[in-house]
Amino acid sequence: MKLTVVGSGDAFGSGGRLQTCYHVAAAPDFEFLIDCGATALIGMARLGLDPNRIDAIYISHLHGDHFSGLVWFLMHAEYVGRRGKPLLLIGPRGLMDRLKAASEALFPGSARKKRRFRIEVYEHVTTMALDIGPVASEAFEVSHPSGAPAYALRFTIGDKVVGFSGDTEWVDNLVEVAAGADLYISECHGYDSAVPHHMSWSIIAERLPQITARRIMLTHMSAPMLANLAVIDAPRVFGAEDGLHLEL
């Protein structure tokens with residue numbers, strides 16, 4: 001199993017980074033994305049990742065830097081990739097309504113056109129595992145207002161586990177998301193100051209004994225956090241970078 005960081009930035013492109021998107025090659029015949037920020041297609045093109053090979057896209061919450069790339073992803077699938085196979089979208093309640101509104105705002109008429117491929121939509125349900133292909137996913141509600149429920153996600157692929165905090169302030173659900181994971185991806189917007197509805201390194205550092213993942217990758221970092229990333233010296237912890245490849 002291979003995970004590639006397509007975009008590790010915050011909503012503002014701090015440090016020149018692309019918006020949130022992770023590519024996971026779960027099996028030779030099954031690839032998926034975790035979140036799909038507005039720059040997802042740009043990042044995939046830079047890394048030579050074929051959008052037509054994506055079977056599923058999991059969305060943590062409905063802020064533009066985490067889901068709006070779906071607008072361009074679907075247009076690429078229709079007009080460039082000439083996609084034929086179904087695409088599975090898994091996200092919070094209201095995902096398709098928000099996606100249609102965004103599509104119509106950016107490309108009027110696009111949401112009403114008939115597609116050559118089928119879209120299957122699944123909504124996150126807390127405490128219930130969802131099995132899609134080789135991937136079992138679980139959703140855990142977190143604290144990050146976005147006009148719809150926001151979730152942390154936990155993925156099990158064979159004997160490997162990846163946890164993803166999404167965007168959130170600290171909630172105890174994150175302990176379960178990260179428990180024993182091979183990789184836990186944690187947003188870390190701030191360094192030593194409180195950021196509403198987000199986490200800072202000072203908060204994560206205090207909670208490290210509770211976060212039992214084998215490796216912890218910090219992401220979604222602001223400029224102050226990026227400026228202090230090099231001074232963090234904690235076992236298991238490292239910073240995400242666009243284009244980073246991890247074998248799990």
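Everything numeric in this text was worked out from a predicted model, so none of it was measured.
- For the pair Ala136 and Asp131, the tightest heavy-atom approach, listed with the atom from each and the gap, is CB-OD1, 3.1 Å.
- When every heavy atom of Pro92 is checked against every heavy atom of Ser60, the shortest pair comes out as CG-O, 3.7 Å.
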Could you check Val171 against Glu141 for side chain to side chain contact (heavy atoms under 4.5 Å, CB included), going step by step and ending with a plain yes or no?
-> CA-CA 9 Å; Val171 294; Glu141 197 157 350; over 6 Å; no
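- Annotation: the span from Leu183 atom CG to Arg236 atom CZ amounts to 11.5 Å, rounded to 0.5 Å.
- Grouping the Ile, Leu, Val, Met, Phe, Trp and Tyr side chains by contacts below 4.5 angstrom, directly or via other members, places Leu33 with Trp72.
- The aromatic rings of Phe30 and Phe32 lie tilted to each other, with the angle between the two planes from 30° to 60°.
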Can Arg115 and Leu74 be said to form a side chain to side chain contact (heavy atoms under 4.5 Å, CB included), step by step?
-> CA-CA 9 Å; Arg115 296 187 179 92; Leu74 296 180; 3.6 Å; yes
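- Hydrophobic clustering (side-chain heavy atoms under 4.5 Å, transitive across Ile, Leu, Val, Met, Phe, Trp, Tyr) groups Leu226 together with Ile204.
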List the steps, then state whether ring pair (Phe, Tyr, Trp, His ring centres under 6.0 Å) holds for Phe155 with Tyr58.
-> CA-CA 10 Å; Phe155 302 92; Tyr58 294 80; 4.9 Å; yes
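- Every residue two or more places apart in sequence or in another chain that forms a side chain to side chain contact (heavy atoms under 4.5 Å, CB included) with Val195 is listed here: His189, His198, Ser200.
- Annotation: Arg207, atom CZ; neighbour count of heavy atoms from other residues, nucleotides and ligands within 6.0 Å is above 12.
- Two residues are said to be in side-chain contact when any heavy atoms from C-beta on lie closer than 4.5 Å; Val6 and Leu47 meet this criterion.
- Tyr184 has its side chain out of reach of Val162: every pair of non-hydrogen atoms, C-beta onward, lies at least 4.5 Å apart.
- A donor-acceptor pair shorter than 3.5 Å can be found between the side chains of Thr219 and Tyr22.
- For the side chain to side chain donor-acceptor pair (under 3.5 Å) criterion with His144, the lone passing option out of His197, His66, His63 is His63.
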Before giving the answer on side chain to side chain contact (heavy atoms under 4.5 Å, CB included), spell out for Glu104 and Arg112 the whole-Å C-alpha distance, their side-chain angles and the decisive distance to 0.1 Å.
-> CA-CA 9 Å; Glu104 282 300 302; Arg112 298 190 298 273; 2.8 Å; yes
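- Ile203 and Val177 fall within a single hydrophobic cluster, where Ile, Leu, Val, Met, Phe, Trp and Tyr side chains are chained together by heavy-atom contacts under 4.5 Å.
- Between Leu246 and Met217 the shortest side-chain heavy-atom distance falls below 4.5 Å.
- For Phe238, the CZ atom sits in a packed shell: over 12 heavy atoms of surrounding residues, nucleotides or ligands are nearer than 6.0 Å.
- Counting heavy-atom neighbours within 6.0 Å of Glu120 CD, excluding the residue itself, gives a total above 12.
- Between Leu174 and Val142 there is a side-chain heavy-atom pair separated by less than 4.5 Å.
- Remark: side-chain polar atoms of Ser146 are paired, donor with acceptor, to backbone N or O of Ala148 under 3.5 angstrom.
- Taking both residues in full, the closest heavy atoms of Ser186 and Ser165 are given as CA-OG, 3.5 Å, listed atom of the first, atom of the second, then distance.
- Taking hydrophobic clusters as Ile, Leu, Val, Met, Phe, Trp and Tyr residues chained together by side-chain heavy-atom distances below 4.5 Å, Leu248 shares a cluster with Val24.
- Shown here is Lys85, whose NZ atom has more than 12 heavy atoms of other residues, nucleotides or ligands within 6.0 Å.
- A donor-acceptor pair is defined here as one N or O able to donate and one able to accept, closer than 3.5 Å; such a pair exists between the side chain of His124 and the backbone of Ile59.
- Rounded to the nearest 0.5 Å, atoms CE (Met44) and CG (Asp50) are 7.0 Å apart.
- In terms of heavy-atom proximity, His220 sits nearest to Gly9 at CD2-O, 3.7 Å.
- The main-chain N or O of Gly180 is found under 3.5 Å from a side-chain atom of Thr212 such that the two form a donor-acceptor pair.
- In this structure, the side chains of Phe12 and Asp65 stay at 4.5 Å or more apart for every pair of heavy atoms.
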Could you walk me through whether Phe140 and Tyr151 pass the ring pair (Phe, Tyr, Trp, His ring centres under 6.0 Å) check?
-> CA-CA 5 Å; Phe140 299 78; Tyr151 295 94; 9.2 Å; no
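- Between the CD atom in Gln19 and the OG1 atom in Thr39 there is a gap of 5.0 Å [rounded to 0.5 Å].
- Val71 and Ser103 get closest at one heavy-atom pair: CG2-OG, 3.7 Å.
- Judged by distance alone, with hydrogens and angles left aside, the side-chain atoms of Arg118 form no donor-acceptor pair with the main-chain N or O of Leu87 at under 3.5 Å.
- No continuous path of hydrophobic side-chain contacts links Met1 to Ile216 [ILVMFWY only; heavy atoms under 4.5 Å].
- Of all heavy-atom pairs spanning Arg154 and Ala178, the tightest one is NH1-C, 3.9 Å.
- Atom OG of residue Ser137 and atom CG of residue Leu130 lie 4.5 Å apart, to the nearest 0.5 angstrom.
- Expressed to the nearest 0.5 Å, how far OG of Ser68 lies from CG of Leu106 amounts to 7.5 Å.
- When each of Asp10, Asp35, Val5, Ile34 is checked for a side-chain contact (heavy atoms from CB on, under 4.5 Å) with Thr20, only Asp35 meets the rule.
- Note that CZ of Phe164 and CG of Leu153 are 7.0 Å apart. Values are rounded to the nearest 0.5 Å.
- Two residues are said to be in side-chain contact when any heavy atoms from C-beta on lie closer than 4.5 Å; Leu218 and Glu187 fail this criterion.
- Comment: Arg93 does not engage Glu123 in a salt bridge, judged by the lack of any side-chain N to carboxylate O separation of less than 4.0 angstrom.
- Under 4.0 Å is where a charged nitrogen must lie from a carboxylate oxygen, and between Glu78 and Arg116 at least one such pair does.
- Looking at Phe117 and Pro86, their side chains never come closer than 4.5 Å, going by heavy atoms from C-beta outward.
- Two residues are said to be in side-chain contact when any heavy atoms from C-beta on lie closer than 4.5 Å; Met75 and Val80 fail this criterion.
- With respect to Arg17 and Asp242, no salt bridge is recorded, no charged nitrogen being found less than 4.0 Å from a carboxylate O.
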Start with the C-alpha distance between Leu88 and Ile57, add both sets of side-chain angles, then the distance that settles side chain to side chain contact (heavy atoms under 4.5 Å, CB included), and finish with yes or no.
-> CA-CA 6 Å; Leu88 310 182; Ile57 302 177; over 6 Å; no
